[in-house]
Every structure is written in structure tokens, then in C-alpha cells.
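What follows is a short report on a single structure.
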Amino acid sequence: MQFKSMVISNVEVSPNYFRMRMTAPQELACAVPGQFVMLKVNDAIDPLLRRPFGLFDVGSFVPEYAGCGAQLYCEILYKVVGKGTKLLAALHHGDLVDLLVPLGKGFQMGPAGEEKVLVGGGVGLAPLYYLAKELKERGEKVRLFAGGRNRDDVLCITEFERLGVETYVATDDGTLGERGFVTQVLERHLASGMRIFACGPTPMLNAVAKMSQKHGVPCQVSMEAYMACGVGACLGCVMKGANHSDETPDYRCVCKDGPVFDSFELQWS
Amino acid sequence: MQRPDMSVVLAGIQMRNPVMTASGTFGYGAEFADYLDLESIGAMVTKGLSLKPKAGNPTPRIVETPGGMLNAIGLQNVGIDAFIEQKLPYLKDVNTPVIANLYGNTLEEYGEVASRLDGLAGVAGIEVNISCPNVKQGGIVFGTDPGAAQEVVSLVKRNTSKPLIVKLSPNVTDVVLMAKACADAGADALSLINTLTGMAIDLDRRRPVLANVTGGLSGPAIKPVALRMVWQVAKAVQLPLIGIGGIMNGRDALEFMLAGATAIQVGTASFLDPSAAQRIAGEMEQYLVENGIDNVRSLIGALEV
Ligand SMILES: Cc1cc2nc3c(=O)[nH]c(=O)nc-3n(C[C@H](O)[C@H](O)[C@H](O)COP(=O)(O)OP(=O)(O)OC[C@H]3O[C@@H](n4cnc5c(N)ncnc54)[C@H](O)[C@@H]3O)c2cc1C
Ligand SMILES: Cc1cc2nc3c(=O)[nH]c(=O)nc-3n(C[C@H](O)[C@H](O)[C@H](O)COP(=O)(O)O)c2cc1C
Ligand code: FES
């Protein structure tokens, strides 16, 4: 649905990374981790298009003004990378933004009792936090493997730990956790009876998808693509399905068929 | 004051207001049902349909540009059979005329798709996209050559009994020449404009942004070009026109009507605001109310030069 949302807070949590909380419609109570929002950062025609962001959290709060019951909020965690996110970072409490929510297909949490393994890098941690929260509410065992270029890219680890998630960290430069790729750390811990949920840069997802196949561990990945509409109409956001070939093309919409896919559904390089 | 009369008739198609959705920007209608009342708009135009399903181009397919966007979707669509089986039944239940947009990779394909659509209940008219390369003739774009355009339009005309709208390409030196060719070949109405060919470059990677290298520019950035073309064609051709290009609000839409359009199409605007088509119809009516105009048709071609 389309919703005029009010910014509640917008805080820089690490250099260039922001966490923004906004009012949300009641319909978001049924949102699933992995689903995303399309946000119009201003009313102008520049930037023209909405920007997609994964749901970082959904919860309820009691507004400061009197006579008001509990209301829903949603949060996004974003990195300033260009025009749109720069404008977003300048928003304050009380500013209005236009949202389409909740969009796409989220994670399927799988049967109880398995060990849930979350793998993420940078802002890829955003949907994983919401997922971890929901999994923990169900009493599941959850481990997080978080990676990044340096310590500044490894976000909100304390928040994950507060949920009771066991965390493993790796950075390219070794400024936090092990030095190297988080996927190397993951490989040492992979075992049957696990289920992987991954979100992050495509090379990382590529590695995780292959590893999960090798170890026979089910794996879902949350993908990114340039988007215009977010509702499956423009066909701008497609990815190749596993059986795609020039003769028998098989394109999937990231916005509608995803952004979360079973890793075997997609074609990996 | 009574509510103004917003209805228009376009080549025999009755519409409750002049607002249509543009091909390729509104899916097959159902994608937008959560965001607006499909029965509040004048007509819906489908994604471009071809004889066989079409895969489309590699990615990236879209990129934002100042005040606009480039797309190189490559006309991905489900194909005419799947459209009839899977998409049309839903659209039939909506009390709004559906225009099927079609294209072909060869001259013959245009004729075949048109004849498959003929006689189908639930299709009020067809819109022919002639901005496509003819794969049999070295990729010359039908819509940039008056002779080729005339050939396509006459062939489609022979294969349909439905109102025939021809969608003009702006990537020509003289749009009036093309418009006249299509009119002579039997078009019942003309829609303009399709996207303007453009390109975006990633300086640091020294590569084009789109996998297809070039793409079609749409959005507010193209509105002045579209207005100019509608105005030129309106002066030269008697057919009803549909104005398209960067329409974001009711005022934009009414400007196209002043330039000579009987109806308008909303394209890229539906991406930023999925309820845009309904909102724009409302804003047009509001303008009429505020200005004491009781009939939207009185604005068609009313530009004072
Ligand atoms: C389903 C989905 C969920 C996402 N979730 C988050 C999230 O939780 N947090 C977050 O920070 N980002 C997320 N992104 C990426 C985010 O949408 C882009 O970073 C943002 O749109 C950039 O906007 P901009 O105007 O600042 O950048 P622009 O000026 O448009 O571009 C700057 C740079 O960002 C890249 N970029 C632009 N759009 C995208 C895109 N859609 N996907 C990937 N790269 C892009 C461009 O290639 C360019 O290098 C998500 C993307 C998708 C598709
Ligand atoms: C993503 C996208 C896909 C499109 N697909 C088609 C198509 O299949 N057939 C067609 O005739 N026009 C197609 N168009 C062109 C639009 O219908 C319209 O003519 C153009 O976008 C200009 O209008 P706008 O500025 O309001 O978007 C497409 C445009 C976009 C942006
Ligand atoms: S963003 Fe338009 S189809 Fe996915």
C-alpha cells in the first residue's frame, strides 16, 4: 500500500550509515522479514524514482502527543551512496516521506529446530536483523556471520547480540573480527541441519550460494537490482533464473518474485 | 456547479475521462489494483505484446537520469497466447476499456498479432508500436521510415476491425511526415510520443550504464519535446491524438489537450506514484471546476498562438 509516513528519528550509526525510524500503517503488522519498502525521498522530480530499502525492523510505539494509542513504526538501515540517500540523510523528525509497503516476497523461516544461519555484509544486515528478531521470538537458535571491508561496515552487532544471536565477524582489513572474507568463516561452521539466510553484495551471495550447494544446506538469498516501479510492472529489475538460456529465457522480477529467492532458483556466475 | 463532463470518445472508444495508462508502465493492470481504482481511469494500455513470448534485454535495463529515466527492457512480454489466457480474463471484469499494445519483429508478425487480437471480447482497440526494428531488413526501425510505417499500418488495418491507434516514434526528423503516412494507411488515431533514444555513461568504469548501451528516455525531461510534436501533428492531421510524454499531474495533461490531444497517457509517473493515473484524472477535473469549464472536450486544440 501507499502511505505518507512521518520520520521519527534518523541517526548516523556508523560513518555514512543511517538508521531511520518512520511511522507505519497497521498493514505492516503482517510484514515478513526480507520484504522491502520503496521510498520517495522528496516530492521533486529529481531524484525521480523511489528508492528500495529492506525492512530493518517493525515494531510499535506510543506517540508523544496525548490521547493516542500504540502505533506501528518501521525502520530502515541505509548507507549514503548517492543523490537519493544523501537527501534521505538530511531528513529530520517530523518530515514526511511517501512509502510503498510491504513489497516483495520475504524469507521463509523454515521448520523449527534447525539452526538458522544468517550471513550478511554492510547494509545487507538490515533485513537480517528483522529476521533474527522474529526467529528469536520463536525461540530458534540463530547465528550471524557478518562481514565488511572494515569495522565501520559491520553494523548493529550489539543489537544482534542483545537478541541472543551468536555472532562471527570478519573484515577485509582485520579491523574487526577475523581478517578475510566472512564466507571463509562460514565454511568452517557449516553443517547439516542448518538453514542459510543471506543478504549482501552479489559476490558474497554468489560464494554463499555455491557453498550451500556443496554442503547440501538450504539457502535463501536476498537480491538487489535497479528498480523503477517495485510492483512488477516495468520489468527493469529482473535476474536470470537457474535454467535461463538465450533460447529458453527465464527472467525473475527481484521486486515481485523476490527479493528473497531460494539460491537454486537463480543462475550464479 | 455541476461536475464537469470529463468523457471523451477516441476513435469510437468511449472513455469516462481522457486519462489512459501508457504501455509498459502499467503491466497488465492487475499490478496496480492495490493502489488505485482501475474503474476511475479512461482506458488501460497493456505492455507491448508479440506473437511469441519475448525475453527482453540483459541487465541493467534501467537507469535514472535528471528528470527522467532510460529503459532498455527489450519489450519483454508474455506473448499473445499467455496474454489471452492469463491476463485478459482479469481485465475483462474491469469496467474500463483495454487497449492492446502490439509489435512485431517482422512485418508479417504485426499482421498476425493483430489478427489474433481481432474479435477478442475485452479488447476495445489496438495500439501499434512501430518503434521497433525490422529484423528481416537490417534492423531499420519501422517508425522512422514513412514507407515502412505505411506498410505496417496498412497490413494491421487489413487484419483488424478494432479501432487502430498507431504510436509514433519521436526519433525522426519530421514527425508530421510519419503521422501523415500512418493516417493515409488507415490509422484511426495516433498516440505520441514513444521514448527518445538516449544513453548514460559510467565515467569511472568507462562503460555504458545499460547493458544494451542505449535506451529510451521517458519522464518529465521529455515533456517539451512531446508537447511540440503533438502540436505539430495536430495542425497537420485530422485524426484524434493521444498525448504522451512526462505527464506528472493534471496541469501537464491539460497542456497536451490544448496542444491538440483528445486523450493522454500516463507512463513513468505511475512508477513514482502508483495511483498517478487516478490522481491526474482528479486534478484535471478540479482544474475545470476551478476555472468554470463544464466540458473537457472544449479544451482540445484550444491553444491560442
Ligand atoms: C530490495 C532492495 C533492498 C535494499 N535494501 C537496502 C537497505 O536496506 N539499505 C541500503 O542502504 N540500501 C539498500 N538497497 C540499495 C539502495 O536501494 C540503493 O543504495 C539506493 O537506491 C541508492 O540510491 P542513491 O540515490 O543514493 O544512489 P544513486 O545516486 O542512484 O546511485 C549511487 C550508487 O548506488 C548504486 N545503486 C543505485 N541504486 C541501486 C540499487 N537499487 N541497488 C543496488 N545499487 C544501487 C549505483 O550503481 C551507484 O553506484 C536495497 C536495494 C534493493 C533492490
Ligand atoms: C519501462 C518502460 C517500458 C515501456 N514499454 C513500452 C512498450 O512495451 N510499448 C510501447 O509502445 N511503449 C513502451 N514504453 C513507452 C511508454 O509507453 C511511453 O510512450 C513513454 O514512456 C513516454 O511517456 P512517459 O514520459 O509518461 O513515461 C515504455 C516505457 C517505459 C518507461
Ligand atoms: S522494479 Fe519494476 S518490475 Fe521490478
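Below, chain A is the first sequence line, B the second, and so on; all start at residue 1.
- To the nearest 0.5 Å, the span separating CG on A:Leu48 from CE on B:Met69 amounts to 8.0 Å.
- The shortest non-hydrogen separation linking B:Gly27 to A:Ala233 is N-CB, 3.7 Å.
- By the 4.5 Å heavy-atom criterion applied to side chains, B:Leu272 and A:Met38 are not counted as neighbours.
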Present all donor-acceptor pairs from chain A to chain B with distances below 3.5 Å, rounded to 0.1 Å.
{"from": "A:Gln2", "atom 1": "OE1", "to": "B:Ser275", "atom 2": "OG", "distance (Å)": "3.4"}
{"from": "A:Gln2", "atom 1": "NE2", "to": "B:Asp273", "atom 2": "OD1", "distance (Å)": "3.0"}
{"from": "A:Leu48", "atom 1": "N", "to": "B:Glu64", "atom 2": "OE2", "distance (Å)": "3.2"}
{"from": "A:Leu49", "atom 1": "N", "to": "B:Glu64", "atom 2": "OE2", "distance (Å)": "2.7"}
{"from": "A:Arg50", "atom 1": "NE", "to": "B:Leu272", "atom 2": "O", "distance (Å)": "2.7"}
{"from": "A:Arg50", "atom 1": "NH2", "to": "B:Leu272", "atom 2": "O", "distance (Å)": "2.8"}
{"from": "A:Arg51", "atom 1": "NH1", "to": "B:Glu64", "atom 2": "OE2", "distance (Å)": "2.9"}
{"from": "A:Arg51", "atom 1": "NH2", "to": "B:Glu64", "atom 2": "OE1", "distance (Å)": "3.0"}
{"from": "A:Leu235", "atom 1": "O", "to": "B:Arg61", "atom 2": "NH1", "distance (Å)": "2.7"}
{"from": "A:Tyr251", "atom 1": "OH", "to": "B:Asn57", "atom 2": "O", "distance (Å)": "3.4"}

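- Residues B:Pro274 and A:Val231 have side chains not in contact (no heavy-atom distance under 4.5 Å, counting atoms from C-beta outward).
- For the options B:Ala221, B:Pro66, B:Gly219, B:Gly68, heavy-atom pairs under 4.5 Å to chain A are most numerous at B:Gly68.
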